[in-house]
**Student:** 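Let me begin by handing over the structure; questions about it come next.
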Amino acid sequence: MELKYVIPNMEQTFGNLEYAGEGKVEQRRINGRMTTLSRSYNLYSDVQRADDIEVILPNEAGEKFFEHEEKVKLVNARITAEGYKIGDRGFTNYKLHADDIVKA
């Protein structure tokens with residue numbers, strides 16, 4: 001059985017989210033033109049305080065503009081895991097994806 005993603009309990013896992021700024025834009029050349037595949041945004045969480053939360057949105061969500069520290073919420077959030085190894089040790093990157101970010 002393949003684990004595709006986990007749907008987090010947003011309130012318990014992340015609590016209240018605030019917009020912290022833009023992240024990266026993933027682009028790829030398709031048919032000779034640069035095409036945006038996804039955009040990432042940084043968020044503050046009042047539960048996960050050690051690091052910013054990075055969420056990845058599909059290109060279809062469009063570019064997002066919020067005021068710094070404006071309260072936001074995620075639409076259809078899900079977490080994926082990517083495994084990798086360094087030497088003999090295995091590691092996992094957890095990535096938060098959502099269909100969109102909207103004002104809370």
Side-chain angles (χ1 to χ4, degrees):
M1 184 168 104
E2 180 182 356
L3 176 62
K4 293 185 177 185
Y5 55 84
V6 173
I7 298 174
N9 179 321
M10 291 301 293
E11 188 171 325
Q12 289 182 358
T13 306
F14 298 109
N16 297 308
L17 295 171
E18 295 178 349
Y19 183 77
E22 295 178 3
K24 302 172 200 161
V25 176
E26 182 182 354
Q27 296 180 315
R28 183 176 301 157
R29 186 171 298 280
I30 299 175
N31 295 329
R33 296 180 50 195
M34 290 302 289
T35 303
T36 300
L37 301 176
S38 64
R39 292 181 172 86
S40 68
Y41 297 91
N42 298 315
L43 306 173
Y44 298 132
S45 164
D46 60 0
V47 173
Q48 304 288 333
R49 296 181 182 193
D51 292 310
D52 291 354
I53 306 298
E54 182 182 69
V55 61
I56 301 167
L57 301 182
N59 183 44
E60 293 78 21
E63 196 169 354
K64 300 299 172 184
F65 301 97
F66 297 101
E67 295 293 325
H68 188 72
E69 297 184 353
E70 185 171 356
K71 293 190 183 301
V72 295
K73 65 180 181 180
L74 302 177
V75 177
N76 294 327
R78 58 207 173 274
I79 297 171
T80 62
E82 290 183 358
Y84 64 99
K85 77 174 198 174
I86 298 176
D88 293 336
R89 299 182 66 191
F91 300 91
T92 305
N93 274 341
Y94 295 98
K95 295 186 174 187
L96 177 62
H97 298 263
D99 290 342
D100 204 353
I101 300 175
V102 296
K103 291 182 182 180

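Sequence positions, counted from 1, serve as the residue numbers for this chain. Since we're looking at a predicted model, the values are computed, not measured.
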**Student:** Are Tyr41 and Met10 linked, directly or through other ILVMFWY residues, by side chains that come within less than 4.5 angstrom of each other?
**Tutor:** yes

**Student:** Over all heavy atoms of both residues, which pair between Gln12 and Val47 is shortest? Give the atoms and the distance, please.
**Tutor:** O-CG1, 3.7 Å

**Student:** Which label fits His68 and Tyr44: parallel for a plane angle under 30°, tilted from 30 to 60°, or perpendicular past 60°?
**Tutor:** perpendicular

**Student:** Are Leu57 and Ile53 joined in one hydrophobic group, where the rule is that I, L, V, M, F, W and Y side chains link up if heavy atoms are under 4.5 Å apart?
**Tutor:** yes

**Student:** Do the side chain of Arg28 and the main chain of Glu26 share a donor and acceptor less than 3.5 angstrom apart?
**Tutor:** no

**Student:** What closest approach, in Å, do Pro58 and Ala98 show between heavy atoms, and which atom pair accounts for it?
**Tutor:** CD-O, 3.2 Å

**Student:** With sequence neighbours left out, write down each residue that passes side chain to side chain contact (heavy atoms under 4.5 Å, CB included) with Ile79, or none if nothing qualifies.
**Tutor:** Pro8, Phe14, Tyr94, Leu96

**Student:** What's the shortest heavy-atom distance between Gln48 and Thr13, and which atoms?
**Tutor:** NE2-O, 2.8 Å

**Student:** Once rounded to the nearest 0.5 Å, what's the spacing between atom CG of Asp46 and atom CG of Asn16?
**Tutor:** 4.5 Å

**Student:** Should we count NZ of Lys73 as having more than 12 external heavy atoms under 6.0 Å?
**Tutor:** no

**Student:** Is there side-chain contact between Leu74 and Leu43, with at least one heavy-atom pair below 4.5 Å?
**Tutor:** yes

**Student:** Between Arg33 and Ile30 (side chain of the first, backbone of the second, donor and acceptor by atom type, cut-off under 3.5 Å), is there such a pair?
**Tutor:** no

**Student:** For a quick test of reading the model, state the closest non-hydrogen atom pair linking Ile7 to Ala77 and the distance between them.
**Tutor:** CG2-O, 3.9 Å

**Student:** Which heavy atom in Thr80 sits nearest to a heavy atom in Tyr5, and how many Å separate them?
**Tutor:** CG2-CB, 4.0 Å

**Student:** Measuring from Tyr84:OH to Asn93:CG, what's the distance to the nearest 0.5 Å?
**Tutor:** 4.5 Å

**Student:** If you take all heavy atoms of Asp99 and Ala61, which pair is closest and at what distance?
**Tutor:** O-CB, 3.4 Å

**Student:** One thing to verify: whether Arg39 and Glu22 come together as a salt bridge, which I'm taking to mean a side-chain N less than 4.0 angstrom from a carboxylate O.
**Tutor:** no

**Student:** Decide side-chain contact (heavy atoms from CB on, under 4.5 Å) for Val25 and Glu63; before the verdict, give the C-alpha distance in whole Å, the side-chain angles of both, and the deciding distance to 0.1 Å.
**Tutor:** CA-CA 10 Å; Val25 176; Glu63 196 169 354; over 6 Å; no

**Student:** Any chance you could measure Glu18, atom CD, to Lys71, atom NZ, to the nearest 0.5 Å?
**Tutor:** 4.5 Å

**Student:** Going from CG on Leu37 to CD on Glu60, what distance comes out if it is rounded to the nearest 0.5 angstrom?
**Tutor:** 9.5 Å

**Student:** Does the side-chain contact (heavy atoms from CB on, under 4.5 Å) test come out yes or no for Phe66 and Lys103, once each step is laid out?
**Tutor:** CA-CA 8 Å; Phe66 297 101; Lys103 291 182 182 180; 3.8 Å; yes

**Student:** For side-chain contact (heavy atoms from CB on, under 4.5 Å), just list the numbers for Lys64 and Asp100, CA-CA rounded to whole Å, side-chain angles, deciding distance to a tenth of an Å, and then say yes or no.
**Tutor:** CA-CA 9 Å; Lys64 300 299 172 184; Asp100 204 353; 2.6 Å; yes

**Student:** Within the 3.5 Å criterion, strictly below it, is a donor on Asp52 or Asn42 matched to an acceptor on the partner's side chain?
**Tutor:** no

